[in-house]
Protein chains: 2
Amino acid sequence: MSYKEKKVITIGVVSELTGLSERQIRYYEERKLVFPERTKGGTRKYSFSDVERLVDISNKMEDGMQTFEIRKMEQKQMRQAELREKMLRGQLNAAFNIRK
Amino acid sequence: MSYKEKKVITIGVVSELTGLSERQIRYYEERKLVFPERTKGGTRKYSFSDVERLVDISNKMEDGMQTFEIRKMEQKQMRQAELREKMLRGQLNAAFNIRK
DNA sequence: CGTGTAAGGAATTCTGACACG
DNA sequence: CGTGTAAGGAATTCTGACACG
């Protein structure tokens with residue numbers, strides 16, 4: 001796994017990197033927008049990817065979007081990405097695998 | 001600056017990532033082999049690059065090398081890198097900048 | 001020299017709740 | 001709904017020191 005995806009950053013540092021309060025960061029987790037890992041002791045650990053996501057969320061919140069709208073939007077993008085991949089696979093199969 | 005160089009990881013996580021004890025990690029800092037940053041409160045923060053360096057140090061220690069030898073070796077590599085760059089610059093100057 | 005450990009304290013994080021709106 | 005805050009406790013980290021070798 002790349003460094004960008006590795007969950008190693010504590011919430012205090014994430015707060016500094018994003019400009020968000022720890023309260024906000026925990027709340028966005030409660031609303032299923034970010035998914036930190038935990039140490040054995042229970043301390044949250046985030047990735048740089050999470051930090052990017054949080055900055056993105058922050059911008060959308062400033063634009064007046066609500067958390068459930070953001071979540072819905074991300075899910076939609078997820079579904080579309082899956083759809084694109086599925087279609088691509090289908091075309092590849094059709095092209096190379098004419099007969100079963 | 002790239003994610004790899006950003007100092008964001010606390011010593012506990014570094015310990016897990018490297019397999020080194022916190023004691024060892026702090027000692028290698030004392031011996032000038034790693035240079036973490038600090039939070040306002042004084043907590044150490046490391047980069048993924050530091051983690052790589054620590055793994056490297058760990059291997060050298062297992063090979064029976066002493067901390068001062070490791071430091072000396074790294075300094076030598078540093079000097080050689082500088083030298084190579086200086087020579088490269090000189091050649092570029094000679095090629096493109098014939099007259100002052 | 002390199003590392004483990006117990007010690008005491010400080011910084012960091014956690015959760016659940018009340019508040020405002 | 002989204003966020004601030006005070007509260008109490010637990011996890012994490014820090015430093016300086018003693019120990020072994």
Side-chain angles (χ1 to χ4, degrees), chain A residues 6-76, chain B residues 6-48 50-75:
Chain A
K6 233 164 192 305
K7 310 261 185 177
V8 296
I9 316 176
T10 52
I11 197 167
V13 177
V14 172
S15 174
E16 286 182 354
L17 293 176
T18 61
L20 294 167
S21 69
E22 301 186 4
R23 180 68 166 98
Q24 289 175 303
I25 297 169
R26 294 196 192 100
Y27 180 67
Y28 298 153
E29 175 182 2
E30 186 183 321
R31 302 312 309 271
K32 308 293 182 193
L33 293 176
V34 272
F35 307 93
E37 290 181 359
R38 301 271 185 151
T39 64
K40 313 88 232 154
T43 301
R44 272 168 266 247
K45 293 184 298 181
Y46 300 83
S47 65
F48 281 113
S49 184
D50 290 331
V51 170
E52 287 187 6
R53 190 191 320 281
L54 283 165
V55 170
D56 193 59
I57 291 168
S58 179
N59 289 330
K60 287 175 178 157
M61 292 297 288
E62 283 177 358
D63 293 347
M65 207 174 301
Q66 289 186 304
T67 57
F68 83 94
E69 296 178 292
I70 297 175
R71 185 170 58 250
K72 208 164 44 175
M73 174 174 290
E74 290 190 349
Q75 289 176 348
K76 174 184 280 187
Chain B
K6 236 170 191 304
K7 310 260 185 177
V8 296
I9 315 176
T10 52
I11 197 166
V13 178
V14 172
S15 174
E16 286 181 355
L17 293 176
T18 61
L20 294 167
S21 69
E22 301 186 5
R23 180 67 165 98
Q24 289 175 305
I25 297 169
R26 293 196 190 99
Y27 179 67
Y28 298 152
E29 175 182 3
E30 187 183 322
R31 302 311 309 271
K32 308 292 182 193
L33 292 176
V34 273
F35 307 93
E37 291 182 357
R38 302 271 185 151
T39 64
K40 314 88 231 156
T43 300
R44 272 168 265 251
K45 293 182 299 181
Y46 300 83
S47 65
F48 281 112
D50 290 331
V51 171
E52 286 187 7
R53 190 191 320 281
L54 283 166
V55 170
D56 193 58
I57 291 167
S58 177
N59 290 329
K60 286 175 179 157
M61 293 296 288
E62 282 177 1
D63 293 346
M65 206 175 300
Q66 289 186 305
T67 57
F68 84 93
E69 296 177 292
I70 297 176
R71 185 169 61 251
K72 209 166 43 177
M73 175 175 289
E74 290 191 349
Q75 289 176 348

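Just so it is clear: chains get the letters A, B, ... in the order the sequence lines come, proteins before strands, and each one is counted from 1.
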Phosphate-side-chain proximity, B:Arg31 and C:dT3, N/O vs OP1/OP2 below 4.0 Å: no

Phosphate OP1/OP2 of C:dT12 contacted by B:Thr39 side-chain N/O (<4.0 Å): yes

Residue closer to the 5' end of DNA chain D, B:Glu22 versus A:Met65 (nearest nucleotide): A:Met65

For nucleotides 16-18 of chain D, tabulate all protein N/O to nucleotide N/O atom pairs closer than 3.5 Å, reporting atom names and distance.
none

Watson-Crick or G-U stems of DNA chain C, 3 or more pairs, under 3.5 Å, by first number: C:2-5 with D:17-20, C:17-20 with D:2-5

Heavy-atom closest contact (B:Thr10 atom, B:Thr43 atom, distance): CG2-CG2, 4.2 Å

Any donor-acceptor N or O pair under 3.5 Å, side chains B:Arg23, B:Tyr27: no

Short side-chain N/O contact to D:dG2 OP1/OP2 from A:Thr67, under 4.0 Å: yes

Of B:Gly41 and B:Glu30, the one whose closest DNA chain C nucleotide lies more 5': B:Glu30

Nearest-nucleotide pick for B:Thr43, side chain only, options being C:dT12, C:dG2, D:dG4: C:dT12

Candidate nucleotides C:dT3, D:dG2, C:dT12, ranked by approach to the side chain of B:Tyr27 - the nearest: C:dT3

Nearest-Å distance for atom pair CG/P, residues B:Leu20 and D:dT13: 15 Å

Short side-chain N/O contact to C:dT13 OP1/OP2 from A:Arg44, under 4.0 Å: no

